[in-house]
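Notes to accompany the following structure.
Throughout, a chain's letter reflects where its sequence line sits, starting with A, and its residues are numbered from 1.
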There are 4 protein chains.
Amino acid sequence: MKDNKVLSSVKDEELIRKRRDQMIKGALTLFKEKGFHRTTTREIAKESGFSIGTLYEYIRTKEDVLYLVCDSIHGEVKKRLEVVVERNQASTENLGNVITSFFHLMDEMQEEILILYQEVKSLSKETRSAILQKEREMATMLEKAITASLPNALPKQDITLLANNIMIQGHMWGFRRWMLQKEFTLEQYIQKQLQFAFSALRINKVK
Amino acid sequence: MKDNKVLSSVKDEELIRKRRDQMIKGALTLFKEKGFHRTTTREIAKESGFSIGTLYEYIRTKEDVLYLVCDSIHGEVKKRLEVVVERNQASTENLGNVITSFFHLMDEMQEEILILYQEVKSLSKETRSAILQKEREMATMLEKAITASLPNALPKQDITLLANNIMIQGHMWGFRRWMLQKEFTLEQYIQKQLQFAFSALRINKVK
Amino acid sequence: MKDNKVLSSVKDEELIRKRRDQMIKGALTLFKEKGFHRTTTREIAKESGFSIGTLYEYIRTKEDVLYLVCDSIHGEVKKRLEVVVERNQASTENLGNVITSFFHLMDEMQEEILILYQEVKSLSKETRSAILQKEREMATMLEKAITASLPNALPKQDITLLANNIMIQGHMWGFRRWMLQKEFTLEQYIQKQLQFAFSALRINKVK
Amino acid sequence: MKDNKVLSSVKDEELIRKRRDQMIKGALTLFKEKGFHRTTTREIAKESGFSIGTLYEYIRTKEDVLYLVCDSIHGEVKKRLEVVVERNQASTENLGNVITSFFHLMDEMQEEILILYQEVKSLSKETRSAILQKEREMATMLEKAITASLPNALPKQDITLLANNIMIQGHMWGFRRWMLQKEFTLEQYIQKQLQFAFSALRINKVK
DNA sequence: CATGAATGAGGGTTCATTCAT
DNA sequence: TATGAATGAACCCTCATTCAT
């Protein structure tokens, strides 16, 4: 269950969910602006719409907030990725669709992805590995979508790597925006990367 | 000239160079361990082998240390990349060599690259763009090496993107090590990525 | 309203008043002893009876404390001066009473006056002029008392100057105590200065 | 002998005099600008035209600089006051001249006088009393000039007080300039104060 | 004598966290 | 449950003073 890692002294589960949603929303806004370290707990409380005392009723340390935020980002990505994957039946054309949708998703979540890249290291070892686990699940989802879309089998390693490449190409669009978004529109970027991906698969030969 | 952005109250240029090298070395060690924000200036001074007072003879703010460290990392990458590029004459085989060497370089500098990804955001706007400029130069170097190694011309955008892809695939080896280095040895990783890269090139060639 | 220049992160106005009173009392004691610059914020907090963290809940900078202290001194002087002035109806004899009371007041507030002379310069330009404004008001009060006590009109400049002279003669009793208080008792001092003042007035009358 | 309170590790007396003159000049400039506490020893050294190391060859602590500056101010005042006093023979008219010249002197040395008022408290007890002794000498000089100028004897206390009054009226012209110099020209101020002073004398005469 | 690099105690200020109300 | 005042460890940075060259 989501959030079960973070202890709260409040009993009402429904309330916990509500308050944490406020909290995540507020903290996310601030983290995007100034990063985790430069954001104070007071600011988080204020942005979330309650007092510092209340904040600490729902978390135990500032790091908990970061965990909740990272976890929430992953949750969001996963949720939307699932929709994408499930909407597309297994077929080569649909691989293109999946990847395209994924890139669009990454475009929309640029800043969230950035936070993951920059702040996960501030989590404690245990919490960090919980987050990295989510990352792995994401890669696995992409892998599955690719496998399902391929006409014939490919070595597992090839697929793993391809999924990884595509994933970070999606991330790259965001965290290297100062470089890429000057030279490409999103559509151009997607098209080129698809071309590269397909040529790797040798699918293009056929085409 | 390197480091000319950071003011020092010491006049002896030679000494400045020496002390800053100590400083960068010390700070780098600590940043790898605990990140910029969790490292204190006193720790940096101690790790560098001098007192807090002396540290501040060579910089003005803690951020200056981060700048010097980032700048130094880029300097190191550039220096070593230049050697690699110059050693290889233009030819398709040598493109392989260049990329291979680049991946090896990224493997050796994993932790430094991580710092760039995670801490550059802590620099002030001004300083940050100075660092991003270095990043751009690096990409350009890779682009040139690729162009030089290709038998026939490719659209500029293709090369730019290819260079970017290869660059972050190099970075990814480090910052997604928890994922990749469990499934691939460095050599396997390089070989697969080369395969992908070459297939991308071949397709384009034909086209 | 008093103190409205200094921001506090505490909301309870009553509490702010209470804590600031503690603070002003504590700081005043220390400033008398060692001056503003030689007093640390930690010492102020301790002397005020709370922690350094709490101190900073009620001010933003150390300079704020100085402002509050100076402002409070002026407030005290003004309050007591008003009582004096109002107690005496307009008449020449009562001018003597007013001046006498003023000198007594200055005797009692010697050390506070010294602080004004020595530390106001440490205030920022803005804040300093707010304090000097209070100084002006004080002079004006004296002027009015004098004017009201005079049987016939005098040139405005004469009154202004006389008021100034009396005011600094009151201050002088404190900040030149090492000189004056060896040669005069307070009563002697007052009597002599009154004599001088009245002779100045008589002369002008005749003229 | 001047300066004999402050130890120097340099032997050459001539050099000591020269360096200290540079030092006093430099420090005075800075103290006028920002006060003693806000001025650093490094700044003093720089403004004086030599290194921080050299500065410490001629003094032992920062406080020594303040002492030298205060002492030098008193020396300057005394020197110029002596000229004034000696130039005027004993006579009531000349009393006017002496006072007028004194006010002019205070006008020219406004900022130096301010430093005395504000910074003497930062001297150690011993040093401070040495400076206050100078202050007393100054008052005595004025007293003598007054006594010499009077046609017939006055009680000592009256003269002491009159001298003190005139002295601080001179000071006041400087440190209450924000008040007085808006309402009076120097000449007006002098004339009014003379008028007051003479009326005081006449009254006493009669008595 | 002159220099300026080195030192580190100490200062002002912040902020995560607690707890009485 | 919610509040926000209170706490104090810890941070960044300064600057008077020393001492080797």
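- For C/Arg42, the listed nucleotide lying nearest its side chain is E/dT13; candidates were E/dT17, F/dC12, E/dT13.
- Listed nucleotides F/dT1, F/dG4, E/dC1 differ in distance to C/Lys11; the shortest reach to its side chain belongs to F/dG4.
- Ion pairing of A/Lys121 with B/Glu119 is present here, as a side-chain N (NZ or NE/NH1/NH2) and a carboxylate O approach within less than 4.0 Å.
- Using a 4.0 Å heavy-atom criterion, one finds that D/Arg38 contacts no nucleic acid atom at all.
- Residue A/Ser8 is out of contact with every strand shown, counting any heavy-atom pair closer than 4.0 Å.
- The CG-C1' distance, from C/Leu66 to E/dG12, rounds to 15 Å in whole Å.
- Protein atom CG of C/Leu15 is 17 Å distant from nucleotide atom P of E/dA20, rounded to whole Å.
- If you take CD1 of A/Ile59 and P of E/dT18, they are 10 Å apart, rounded to a whole angstrom.
- In this structure, A/Thr61 reaches the sugar-phosphate backbone alone: every heavy-atom distance under 4.0 Å involves primed, P, OP1 or OP2 atoms, never a base.
- We find that NZ of B/Lys62 is positioned 16 Å from P of E/dT14, with the value rounded to whole Å.
- Remark: C/Ile52, C/Tyr56 in residues 43-58 of chain C come within less than 4.0 Å of DNA chain E through at least one heavy atom.
- The side chain of A/Thr40 sits closest to E/dC15 out of F/dA5, E/dC15, F/dT1.
- The shortest heavy-atom contact between C/Arg20 and C/Ser8 is NH2-CB, 3.5 Å.
- Applying the salt bridge (charged side-chain N to carboxylate O under 4.0 Å, His left out) test to pairs two or more places apart or on separate chains, those with a residue in residues 46-61 of chain B are B/Glu57-D/Arg42.
- Both C/His37 and D/Asp12 lie near DNA chain E, and the one whose nearest nucleotide falls closer to the 5' end is D/Asp12.
- Annotation: side chain of B/Ser48 is not in contact with side chain of B/Arg19 (no heavy-atom distance under 4.5 Å).
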